[in-house]
Amino acid sequence: MSHHHEETGCHGHHHEGHEHQCACHGAHEHEHEHHHHHEGGTKKRLALIISAAVLLVAAVLIEKNTTLPTWQLLLVYLVPYLLVGWETLSEAAEGVAEGDAFNEHFLMSIATLGALCIGFLPGAEPQFPEAVFVMLFFQIGELFEGYAEGKSRESISHLMDIRPDVAHVVGTDGKTSHVSPDEVPIGSIIVIRPGEKVPLDGVVTEGTSALNTVALTGESMPREVGVDDEVLSGCVNTSGVLHVRTTRNFGESTVSKIIHLVEHAAEHKSKSETFITRFARVYTPIVVLAAVVLAIVPPLVMTFSTGATFMSLFPTWLYRALMFLVVSCPCALVISVPLTFFGGIGGASRHGILVKGANFMDLLAKTGTIVFDKTGTLTHGQFEVTAVHPDTCDEHQLLHLAAHVEHFSTHPIGAALRNAFPDEATDGCCVSHVEEIAGKGIRARVGNDLVSVGNTKLMDSIGAQWRPCTHVGTIIHVAINDKYAGHIIINDRIKADSALAIGELSRLGVGRTVMLTGDREEVGHDVAAKLGLTEYHAELLPADKVAHVERLLNEQTAGSSLAFVGDGINDAPVLARADIGIAMGALGSDAAIEAADVVLMDDKPSKIATAIAIARRTLAIARQNVWFAIGVKVAVLLLATFGLATMWMAVFADVGVTVLAVFNAMRALRA
């Protein structure tokens, strides 16, 4: 980093060779690609459920109004059963084949298949409608689960917008040819015109320009480059024509590495299993084992004690065991738990917080560390005048002259000076002889005075005795007729909401707040101190941010998760790598929104605390449903064990519990 420190810590305007400076957030006007795939799956499932329900009603009417033998009745009921249950049966079979038998699909399958078969045992009543009904309810639960799971955030197509399409290579004959960046050998000379992306990393051999590096660093200062300065691929050349000698091939270039980081970060991310799947892993083996014991042990014991044959007692106990399985079907859980998460996601969206799936609610509730990007997240990412220190004239006059000189500048600093003095266009001053001095600043005649506005190099070149300044920010020195007149400090403003956000997070028990920024060390220190963050790291490139997040992930305590909050394309790899990525939506880049798990639509950092509070409440409601459902089930299971429950009672208990659990789940909507 060539910082132009001059022992004072003050920074000049229009720096040369600033490694991480970059331009204002370019509004990425991309069209969002909508994936209809997920929507289609939901509609298909809904159609299946409705069709199966109609066929079940028809089957019940056929059973009531005819005297078909049991096997023919089974065929009638098999139509709706297989229609609605085929997916569940195949999932169960797949689970058994892969050695992961104990999931909710397996439990539903053996309970319903058992209910279908029980009618063929001597002296037992057919239980066909119950079997179809239970499977139907399970599919309704799956439907809610499908809704509650947000669309996949794997798509990183928007990131490809920083991938350059073409490189203009200068041949030995001086002619320019247009080739794909991955075909350019190291050491080639390429031409980059204004408005074009830098296709490959290299060193400037000819020309000066300003580079918009926002795609790489997220920082809003353009970086001035001249001969012998390094340029990175993915930046946009904003002003002059540059000749660059390439130093890396395309596969090794900065832009390729960022795209690669995002593509592979998702693989490192442990997929938080949905709450219900984890629950079913423990619950299902216990229930299945209990049912097997219930079917075999009592008839064996009674054979020895009463002298009756095992086969005469077995149908009764098998019926009880199957009823035990039907009662223990986790319908209430399978429906109410996803619905609770769905409600929580809906409640959060009313607050402008988009959560992309139920498993992220789980992770949000357990957040122990939050890592922030600086620009556009904790700060506005727009420059403004924060202090004016006049020497030989008043503040008004200093701003007035600086704004006039910067009238034609496209630089964000020029815009900040013009915004600080809005009357500049109407005060009738005559501005002439405007001269831009590359890497130093601008000179112009305002009225009868020659005004120079720029960095310390400009002041030195005209012999003006500039004064150092202790303020953090970019320092713009002003001289009138080569005599020093004072300086103006320009800085990125901290969002009013940021301090509130950090306070709210510590109140919620989030113990570690970290800021990672591509900006200068003193700027990082200043922002961290003002906001009361626990730690900060400055002057980072995207790969450094990923490395810091990796380190923080390794330092996490078990059972707590790490959230990263960012808004630029450069944040996409870290958003994908963190346990939970939170993107600032309204101003954020499409790539960041695509890579994130949670999107804040109004760019207020304090919404992070709201999101965590909603997630914790949602989880609490889900737990209430689980304990309530298990409590009722245990009671009915005991009745079934002693032969005091019927199959319909079992189904009713299950459905009744489900309805109550669903009503409780609805509370999550009122976040």
Side-chain angles (χ1 to χ4, degrees), residues 101-119 121 123-138 141 275-276 278-306 308 310 312-337 622-665:
F102 294 121
N103 54 36
E104 65 267 40
H105 299 285
F106 179 71
L107 186 59
M108 299 307 292
S109 300
I110 59 166
T112 52
L113 289 171
L116 287 174
C117 298
I118 207 161
L121 289 172
E125 285 288 311
Q127 306 292 336
F128 305 142
E130 292 88 325
V132 183
F133 193 71
V134 168
M135 197 55 98
L136 198 61
F137 246 77
F138 182 69
F275 186 53
I276 191 65
R278 294 206 306 271
F279 171 75
R281 282 246 168 95
V282 180
Y283 179 76
T284 313
I286 295 169
V287 165
V288 174
L289 192 65
V292 171
V293 168
L294 187 61
I296 295 167
V297 174
L300 273 178
V301 172
M302 289 165 83
T303 304
F304 292 118
S305 59
T306 63
F310 177 80
S312 65
L313 295 167
F314 182 62
T316 308
W317 286 98
L318 179 63
Y319 177 64
R320 288 181 187 180
L322 287 173
M323 196 159 39
F324 182 94
L325 281 177
V326 172
V327 173
S328 61
C329 280
C331 266
L333 303 176
V334 167
I335 291 178
S336 72
V337 172
R623 286 199 187 98
Q624 290 161 13
N625 280 344
V626 169
W627 291 116
F628 168 64
I630 292 172
V632 174
K633 281 179 187 304
V634 167
V636 179
L637 289 175
L638 289 171
L639 290 175
T641 308
F642 296 110
L644 300 171
T646 65
M647 188 64 88
W648 274 113
M649 241 179 94
V651 174
F652 176 76
D654 197 30
V655 176
V657 167
T658 304
V659 171
L660 290 170
V662 164
F663 279 128
N664 189 38

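Numbering of residues begins at 1 and proceeds along the displayed sequence.
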If you measure from CG on Leu639 to CZ on Arg320, what distance do you get to the nearest 0.5 Å?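 It is 11.5 Å, given to the nearest 0.5 Å.
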Rounded to the nearest 0.5 Å, what separates atom CG in Leu289 from atom CG in Leu294?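 Rounded to the nearest 0.5 Å, the CG-CG separation comes out at 11.5 Å.
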Qualifying residues under side-chain contact (heavy atoms from CB on, under 4.5 Å), relative to [X], sequence neighbours excluded:
X: Leu300; answer: Ile296, Phe310
X: Val297; answer: Val293, Val301
X: Ser109; answer: Thr88, Leu89, Ala92
X: Ala308; answer: Thr306, Ser312, Leu313

Where Trp317 and Met302 come nearest, the two heavy atoms and their spacing: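 Minimum heavy-atom contact is NE1-SD, 3.7 Å.
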Using every non-hydrogen atom in the two residues, find where Ala321 and Ala295 come nearest and quote the distance to one decimal.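 Ala321 and Ala295 have their closest heavy atoms at CB-CB, 3.7 Å.
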The criterion is ring pair (Phe, Tyr, Trp, His ring centres under 6.0 Å); which residues satisfy it with Phe628, sequence neighbours excluded?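 With neighbours one apart ignored, the set is empty.
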